[in-house]
Amino acid sequence: MLAKYNPQEIEKKWQRRWAEDRLYEVTEDDTRPKLYALTMFAYTSGDLHIGHWYALAPSDVHARFKRMQGYNVLHPMGFDAFGLPAENAAIKRGIHPFTWTMQNIDNMRRQLRSMGTIYDWSREVVTCLPEYYKWTQWFFLKLYEAGLAYRAKAPVNWCPRCQTVLANEQVVGGGVCERCGTAVIRRDLAQWFFRITKYADELMQHDGIDWPERIKIMQRNWVGKSVGAEISFALDCPGIDEKEIRVFTTRPDTAFGVTFMVLAPEHPLVAKLTSPEKKAEVEAYITRSRRQSEIERLSTEKEKDGVFIGAYVVNRLTGDKVPVWIADYVLMSYGTGAVMAVPAHDERDYAFAKKYNLPIKLVIAPPGWQGGKLAEAYTEPGTMVNSGQFDGLPSQQGIEAICDFLEGKGWGKRAITYRLRDWLISRQRYWGAPIPMIYCEKCGIVPVPEEDLPVLLPENADFKPTGESPLKYCEEFVNTTCPRCSAPAKRETDTMDTFMCSSWYFLRYASPHCDTAPFDAEKVKYWLPVDLYTGGAEHAVMHLFYARFFIKALRDMGLVSFSEPFSRLFNQGVIIVEKQKMSKSRGNVITPDEYVSELGADAVRAYLMFVAPWEQGGEWDDSGISGISRWLNRVWNLVLEEYKPRTPDHALEKLKGEQADIEQVERELSRITHQTIRKVTGDLEKLRFNTMIAALMEFTNYLAKVKEAGSVTPSVWNESIDILLLLLAPTAPHLAEELWERTGHNYSIHNQSWPQWDEELAKDEEVTLVVQVNGKLRDKIIVPAGITEAEAKKLALESQRVKAYLKDKVTLKEIYVPGKLVNLVVR
RNA sequence: GCCGAAGUGGCGGAAGAGGUAGACGCGGCAGUCUCAAAAACUGUUGGAGAGCAAUCUCCGUGUCGGUUCGAGUCCGACCUUCGGCACCA
């Protein structure tokens, strides 16, 4: 009696064995090509749900495949363990974030092991442990030394719910917190920033890396480079030192059309310039705009409003005196915080001018313009008019001509502005790596000396969020001495953005236990950059962006010798449940554990790959996974149930007539086997897991037919089964290992070489030739693969079915596609 | 509004480089097994129509046009869905 497929039993058995044998531990090896295949590490939020598995399982399959192909594969896993969600969850449960996080890690590790991955657990990293964050702090110091970290007072995004500041990248949907969806407000605070804008241009380039176009576009848009000019407007106000206001514009060609100027309400000159009689009105407007949330203020729906501040500037090109207004559609954080308004050629300025009855002066003529008024702003290129000596120039040339002119006069210069802001990394929360800085009354800001790292996060701080950093009230943490003058001093009490931890973790995997440096340079040189990085697309302008910045900064410090951390990037889609995204709040979270204990990890792995193309994501469906489970059971039975050839081997040889038949069947089996190897290999390279599984199923179905017929010799049969198991090994590692053992092979299937296909054996001997008449399918004929054009046409014309369509018709054209079809065009 | 991706049976999805639309799986239907059911296995399954029948005909990849001997695939316009950005001067 054949044993039943029992995934629970065999999966536990092999997981134990693989761990005992350290089967998946890797070291540097120059005799094989290396492959660093990385999946974004998991955030320690509690349980892994099926969405995590969707990110992890297919990449494990790919890594296993590469390993069998002979690559030295590094496929590590770790935990992104600092940060707000863990802290909030811990507060809610009344336990310490460290306890909460480490419990989660234990559970997640157990779940990850149950998946049957090839993670080398000896390389695990956990970002909230001092041996890790020591080096996060070390990188902060390096960035500070390099002038890439600075402290500044600035208007920053504050989330009232999370009680902390956020980076620009963490503010989404026009002004809500990326984590909790609360509308952010502006606060002026002194904070630590990383000078990511220094790398703005380089971050827009993705040369030599294979990334999805979508992500590259998002990153380019995020940097938002605008080329134009900075133009100075003369300011002549008694009692004010400033003699100009500078504006940034991408359209210097419209400079003769300026009819007013708009400043951001926060512009430093507003207070000085406002005339006494306008003061009350202006202050009321500023108060009002400050009270508004970022969403309201930036809403494109909202009608633009503003107030005249009672001051004028002079457009030096025309000599015109133009009024100065303030309006909250002008942002202090972009350009110079001041805009020259050209209502004729800018939609916003046009709306503003209409509302307040300001003049509209046309300076760019649309093609065919007859001198009439515009019904709306004309923002396209055109011909310059009303622009003095520049009249008649096409606007593209006009931009250059005006820039040259302004530069000659010293009234302005060519300029580039970016939408990208510097990365704000301070957080007023407990659960993060402390920023290693000290404030001394005498010496000012002093970095913590390297040898004093790590600055330990005190365990006993009261970590409830108050809007101020909890560390501020932890006396033994705050009070220290100045490393320079030894006088009493105070520590920085803000912690670092978690994205700082994840900006370098992929370097740590190369030498996770290195305690003299964040990484062993030689090992990083061997493993990095990451060859294939997979994860969700939601990190396009956060993690993926920051990590690129980090590597470029490290490169410029001479710490690494490459410029891009991730050579190839792949974003998997999202698993949905009942047409909705999985989330705890919706209560539709699918946990893998129950499916693993019922159907096995192999079934869950295979189902996730089969459900849809990986980049697309798909719907979790219970009846779908039972189909996969049935298939794995069929494989089990197919392999283990005795194969009964129709006649014994030696008898076959005697039966001449039969033998021809058997040879033919065996040739077909061999052809299909080699075609399957080719298909499965190609699909795995391209990460097309769904069609790979379909090919394995087809192969299984075909083998079942062969088995039923008993039409091949046992040795040929066994070879085919071996290949099936090898092809199945990455997808269903436990089942394949068990069947490998039960069919009498040596442990382990995962150390076997990936099967190679033979192009000759995979070649079809016969092909189906499609015969069309006027493009419509009329017959299909089986022909030898190497058929000539003349023969193919001859056979097509001989077809009885085709003949019926050719009766009384004239053949105009005969089209032949080798090995595919004949199309007869008749009239 | 702008940028990007995608619309194929009852469902998830397949279709190198313009050449058999619907692989593979789910579900359905029929059968085998069973006292019965479940499970499993076998067969069948895009729609409409004709025929006792094996078969045959027509229609069919979001909509409307176009290119081509031939279009799910290429081009143009539009509709819908999903992501991202959104007063960036």
Side-chain angles (χ1 to χ4, degrees), chain A residues 172-175 212-222 224-226 228 247-251 254 262 264 297-302 304 327-331 333-342 345-349 351-352 417-421 537-538 540-541 571 573-574 576 606-607 610-613 615-628 630-631 633-634 637 682 686 688 690-701 704 708 768-780 801 812-826:
Chain A
V172 297
E213 206 50 41
R214 185 168 93 252
I215 302 291
K216 293 196 276 186
I217 289 168
M218 278 165 73
Q219 293 199 340
R220 280 200 293 272
N221 291 343
W222 191 257
K225 182 177 184 171
S226 293
V247 301
F248 173 77
T249 179
T250 55
R251 293 294 302 273
T254 65
V262 190
R297 184 170 161 180
L298 292 179
S299 166
T300 33
E301 312 294 306
K302 194 189 112 183
K304 288 163 199 22
D328 59 14
Y329 77 86
V330 175
L331 308 172
S333 54
Y334 184 77
T336 61
V339 170
M340 64 175 213
V342 186
H345 306 293
D346 182 280
E347 279 162 27
R348 295 151 301 173
D349 298 345
F352 200 81
T417 300
Y418 298 93
R419 208 186 81 106
L420 179 68
R421 302 270 79 82
E538 67 274 16
V541 293
N571 298 118
V574 177
I576 55 170
Y607 175 62
F610 183 63
V611 71
E615 68 271 29
Q616 188 185 302
E619 174 119 15
W620 179 264
D621 174 14
D622 279 2
S623 55
I625 191 171
S626 63
I628 288 287
R630 281 204 280 266
W631 169 55
N633 269 293
R634 283 208 308 277
N637 294 331
K686 287 175 279 189
R688 307 275 303 177
N690 57 330
T691 48
M692 183 232 8
I693 304 254
L696 288 176
M697 286 174 166
E698 277 184 83
F699 190 45
T700 310
N701 294 345
E708 206 187 337
T768 307
L769 190 70
V770 172
V771 186
Q772 297 181 333
V773 178
N774 288 342
K776 290 203 173 183
L777 175 75
R778 294 304 176 193
D779 200 5
K780 297 177 197 176
R801 290 173 201 228
L812 301 176
K813 218 170 172 182
E814 292 170 352
I815 286 146
Y816 176 65
V817 180
K820 284 256 167 76
L821 97 173
V822 173
N823 185 14
L824 303 166
V825 185
V826 300

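Below, chain A is the first sequence line, B the second, and so on; all start at residue 1. The basis for the numbers below is simple: all heavy atoms, side chains too, and nothing from hydrogens, waters or symmetry mates.
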Undergrad: Specify the separation, in whole Å, of atom CZ of A:R348 and atom P of B:A86.
TA: 14 Å
Undergrad: Can you tell me, in whole Å, how much space there is between the P of B:A54 and that of B:G46?
TA: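 Nearest-Å result for B:A54 against B:G46 at atom P: 15 Å.
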Undergrad: Is it the case that the side chains of A:Y329 and A:D349 hold a donor-acceptor pair, with the cut-off being a distance below 3.5 Å and no angle test?
TA: yes
Undergrad: So what's the dot-bracket for RNA chain B: Watson-Crick or G-U pairs under 3.5 Å, [ ] if a pair crosses, | if it pairs off-strand?
TA: (((((((..(((......[....)))((((((.......))))))(((((....)))))..(((((..]....))))))))))))....
Undergrad: Using atom C1' in both nucleotides, what's the gap between B:C74 and B:U55 to the nearest angstrom?
TA: 37 Å
Undergrad: For A:D622, is there any backbone N or O sitting under 3.5 Å from a side-chain donor or acceptor partner on A:Y607?
TA: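 No, the answer is negative, given that no donor and acceptor are paired below the 3.5 Å cut-off.
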Undergrad: Check whether A:R634 reaches the backbone of A:T700 with its side chain - one donor and one acceptor, N or O, closer than 3.5 Å.
TA: no
Undergrad: Determine the interatomic distance between P on B:G60 and the same-named atom on B:G1; round to the nearest Å.
TA: 33 Å
Undergrad: Mind checking if A:N701 touches a base, just sugar-phosphate, or nothing, with heavy atoms under 4.0 Å?
TA: sugar-phosphate
Undergrad: Is any side-chain N or O of A:K813 under 3.5 Å from a base N or O of B:C69, one able to act as donor and the other as acceptor?
TA: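 Answer is no: no donor-acceptor pair is held.
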Undergrad: Within the 4.5 Å heavy-atom criterion, are A:V771 and A:L821 side-chain neighbours or not?
TA: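 A:V771 does not reach A:L821 side chain to side chain.
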Undergrad: Starting at atom NZ of A:K776, determine the distance to atom P of B:A71, rounded to an integer number of angstrom.
TA: 10 Å
Undergrad: Take the protein atom CD1 of A:I628 and the nucleotide atom P of B:C26, then report the distance between them rounded to whole Å.
TA: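 In whole Å, B:C26 P lies 9 Å from A:I628 CD1.
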Undergrad: What distance, rounded to whole Å, do you find between the two C1' atoms, one in B:U45 and one in B:C11?
TA: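 After rounding to an integer number of Å, I get 14 Å for this pair.
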Undergrad: Would you call A:V339 and A:R348 a side-chain contact if the rule is heavy atoms closer than 4.5 Å?
TA: no
Undergrad: Do A:L769 and A:Y816 make a side-chain contact, defined as non-hydrogen atoms from C-beta onward lying under 4.5 Å apart?
TA: yes
Undergrad: Take nucleotides 12-23 of chain B nucleotide by nucleotide from the 5' end and write B, S or -, depending on whether a protein heavy atom sits under 4.0 Å from the base, only from the sugar-phosphate, or from neither.
TA: BSSS---BB--B
Undergrad: Do A:W620 and A:I625 touch side chain to side chain, with heavy atoms closer than 4.5 Å?
TA: yes
Undergrad: I'd like to know if the side chain of A:N774 and the backbone of A:V826 have a donor-acceptor N/O pair within less than 3.5 Å.
TA: yes
Undergrad: When the distance from OH of A:Y334 to P of B:A89 is rounded to whole Å, what number comes out?
TA: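 Going from OH in A:Y334 over to P in B:A89 covers 4 Å.
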Undergrad: Contact between A:I815 and A:Q772 at the side-chain level, heavy atoms closer than 4.5 Å - yes or no?
TA: no
Undergrad: By nearest heavy atom, map A:V541 and A:R214 onto RNA chain B; which one lands nearer the 5' end?
TA: A:R214
Undergrad: Does a nitrogen or oxygen in the side chain of A:R220 sit under 4.0 Å from OP1 or OP2 of B:C85?
TA: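 No, outside the criterion.
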Undergrad: A:N690 and A:P613: which non-hydrogen atoms are nearest, and at how many Å?
TA: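 Looking at all heavy atoms of both residues, the shortest contact is ND2-N, 3.5 Å.
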Undergrad: Reading nucleotides 40-45 of chain B 5' to 3', which nucleotides get B (base under 4.0 Å from a protein heavy atom), which S (sugar-phosphate only), which -?
TA: SS----
Undergrad: Distance check, C1' atoms only: B:U32 and B:C24, in whole angstrom units.
TA: 25 Å
Undergrad: If you take all heavy atoms of A:G775 and A:N823, which pair is closest and at what distance?
TA: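 Answer, listing the atom of A:G775 first, then A:N823: N-OD1, 3.0 Å.
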Undergrad: Within less than 4.0 Å of OP1 or OP2 of B:C88, is there a side-chain N or O belonging to A:R421?
TA: no
Undergrad: B:C87 C1' sits how many Å from A:E347 CD, rounded?
TA: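 In whole Å, B:C87 C1' and A:E347 CD are 10 Å from each other.
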Undergrad: Describe the nucleic acid contact of A:G627 in one word from base, sugar-phosphate, nothing, applying a heavy-atom distance below 4.0 Å.
TA: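 Since only primed, P, OP1 and OP2 atoms lie under 4.0 Å of A:G627, the category is sugar-phosphate.
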Undergrad: For nucleotides B:G83 and B:G72, find the distance between their P atoms and express it as a whole number of Å.
TA: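 B:G83 and B:G72 have their P atoms separated by 30 Å.
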Undergrad: If you check the A:R419 side chain, which of B:A89, B:C88, B:U57 turns out closest?
TA: B:C88
Undergrad: Compare every heavy atom of A:G335 with every heavy atom of A:F248, then report the nearest pair and how far apart it is.
TA: CB-CA, 4.3 Å
Undergrad: Taking O4'-C1'-N9-C4 for purines and O4'-C1'-N1-C2 for pyrimidines, is B:G16 syn (within 90° of 0) or anti?
TA: syn
Undergrad: Nearest whole angstrom, please: distance from the C1' of B:G83 to the CD of A:E615.
TA: 14 Å
Undergrad: What are the two closest heavy atoms between A:A606 and A:I628, and how far apart are they?
TA: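 Answer, listing the atom of A:A606 first, then A:I628: CB-CG2, 3.7 Å.
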Undergrad: Checking one value: the base orientation of B:G9, syn if chi is within 90 degrees of 0, otherwise anti.
TA: syn
Undergrad: Reckon A:S226 has a side-chain N or O less than 4.0 Å from the OP1 or OP2 of B:A89?
TA: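 Result: yes.
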Undergrad: Can you tell me how far P of B:A86 sits from CE of A:M218, to the nearest Å?
TA: 10 Å
Undergrad: Quick one: A:N221 CG to B:A86 P, roughly how many Å, whole number?
TA: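 Rounded to whole Å, this separation is 10 Å.
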Undergrad: Students often get this wrong, so: under 4.0 angstrom with heavy atoms, is A:V825 touching a base, only sugar-phosphate, or nothing?
TA: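 Sugar-phosphate: the residue A:V825, judged by heavy atoms under 4.0 Å, touches backbone atoms but no base.
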Undergrad: What's the gap between B:U67 and B:U73 when it is taken at their P atoms, as a whole Å value?
TA: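 After rounding to an integer number of Å, I get 15 Å for this pair.
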Undergrad: Considering only the P atoms, how many Å lie between B:G27 and B:A86, rounded to the nearest integer?
TA: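 Per the computed distance, 45 Å lies between those P atoms.
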Undergrad: What's the shortest heavy-atom distance between A:V611 and A:E619, and which atoms?
TA: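 That would be CG2-O, 3.3 Å.
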